[in-house]
Amino acid sequence: MLDRLAPQAPDALLALIKLHRDDPRTDKIDLGVGVYRTGQGDTPVFGAIKAAEARLVETQESKSYLGPEGDMGFVEALMPYVFGANPTMGGRIEGMQTPGGTGAVRLATALAKAAGVRRVLMGTPSWPNHAQILADLDLEVAAFDHANADGTANVDAVIAAIEGADATDAILLHGCCHNPTGIDYTPDQWDRIAAALAAGKALPIIDVAYQGLGHGMDEDAAGLRKVLAAVPEALVAYSCDKNFGLYRDRVGAFYVMAAEGSQLPAIMSNAAALARANWSMPPDHGAAAVRIVLRDSALTAQWLDELETMRTRMRQVRERLAEAGTAGTIDLTPLSRQNGLFSVLPLSKEQIAALRADHGVYMAGSGRINVAGLTTANIDQFVRGLAEVSG
Ligand code: LMR
């Protein structure tokens, strides 16, 4: 029976990790999967997380089950950072822990489907796994253009999508540091989006996977908060994998903002049932470490400081690239206006293959680069490579 299964291509982004690992060249450059790297090319564990983990080892008395909602201390400690000064919106927001941001997107979209959503409006390009999750749930996708050719967001396309939506539609938006383009809506554009959502029918699902990697924790949540202030209900998928550097520990959260007067416990009971059927309970370790950080003011300050160091470095790399102006036919100037780990360069498949073969540069097939893979030691090599393959 199992022979009926057609072989599946490996996930292209994850396959790139292995290809890069197996390349013996010492000057190879990894601009593939979205992990932060220091100026030395490392992805260290945050000092605040190390300290929290040490405390966890000392104080944890049991590893007995917690339940499908995971570590609720973690879920609640995170809320002021995500939602701001009124973190429950007057008792309308509740959440649960998920295995990474992917688990949160899965839960949000599965819950939307259970509530009657049939189609998801999605700006493209998007993180490839968004489409994979939606396909796995048999949800139809209606794509609209996320970006304009000049490297700005196509706000008219998202507004048109929202205005054309009906009551069985959801819309999947990136809260900040858009993956893959790095192109975020401006504050004014978020105002327009929030107003359109308030007047329209689509259920907003907002994926916040990179808070703090763009302009700051509050700045990066500003669009999300504008939407939540305007609409009756929304779902939020959150990842701590990048902003706490916990990638492999899979730390995420899923939040529901319910309409005034609606039955939040009933909604959350559906989320818990879906979690139970999907993964039963999320892994605990990373979320427990985040809870310890967020409940300790000294560790919180240390974490925010470490996050700022990451953010500053990524801004510096973006500025350096923009200062280079053009490399061959590639205009690098928009990169300084884009946010987070990623930007997309207009390269053909052949140019991307040549960059890998001739210059040891590993990047996604979409032309996405992870700017954190660039350092003072390799940025000139990268720009030269770009100029050669595109010139
Ligand atoms: C990425 O886009 O590189 C990250 O979100 C990692 C992943 O799981 O794809």
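Counting starts at 1 for both ligands and their atoms, in listed order. Residues take their numbers from the sequence shown, with the count starting at 1.
Nearest protein heavy-atom contact of atom 3 (O) of ligand 1 is G34 N, 2.6 Å. The shortest contact between atom 4 (C) of ligand 1 and any protein heavy atom is with K242 NZ, 3.1 Å. Annotation: atom 9 (O) of ligand 1 to nearest protein heavy atom, W127 NE1, 2.9 Å.
A salt bridge does not link D184 with R337: every distance from a Lys NZ or Arg NE/NH1/NH2 to an Asp or Glu carboxylate oxygen is 4.0 Å or more. The residues D218 and R225 are annotated as salt-bridged, a charged nitrogen and a carboxylate oxygen being separated by less than 4.0 angstrom. Ion pair D22/K18 flagged as a salt bridge, since at least one NZ, NE, NH1 or NH2 atom sits closer than 4.0 Å to an Asp/Glu carboxylate oxygen. A salt bridge does not link D23 with R356: every distance from a Lys NZ or Arg NE/NH1/NH2 to an Asp or Glu carboxylate oxygen is 4.0 Å or more. For R291 and D71, the salt-bridge test passes: some basic side-chain N is under 4.0 Å from an acidic carboxylate O. Looking at D169 and K201, no side-chain N of the basic residue comes within less than 4.0 Å of a carboxylate O on the acidic one, giving no salt bridge.
Remark: ligand 1 atoms within the under-4.0 Å shell around heavy atoms of Y210 are 4 (C), 5 (O). If you number the atoms of ligand 1 from 1 as listed, the ones under 4.0 Å from a heavy atom of V33 come out as 3 (O), 6 (C). Of all atoms in ligand 1, listed by their number and element, those nearer than 4.0 Å to a heavy atom of N179 are 1 (C), 2 (O), 5 (O). Every atom of ligand 1 is numbered from 1 in the order shown, and the set under 4.0 Å from a heavy atom of R368 is 1 (C), 2 (O), 3 (O).
Considering backbone and side-chain atoms together, L13 places no N or O closer than 3.5 Å to any N or O of ligand 1.
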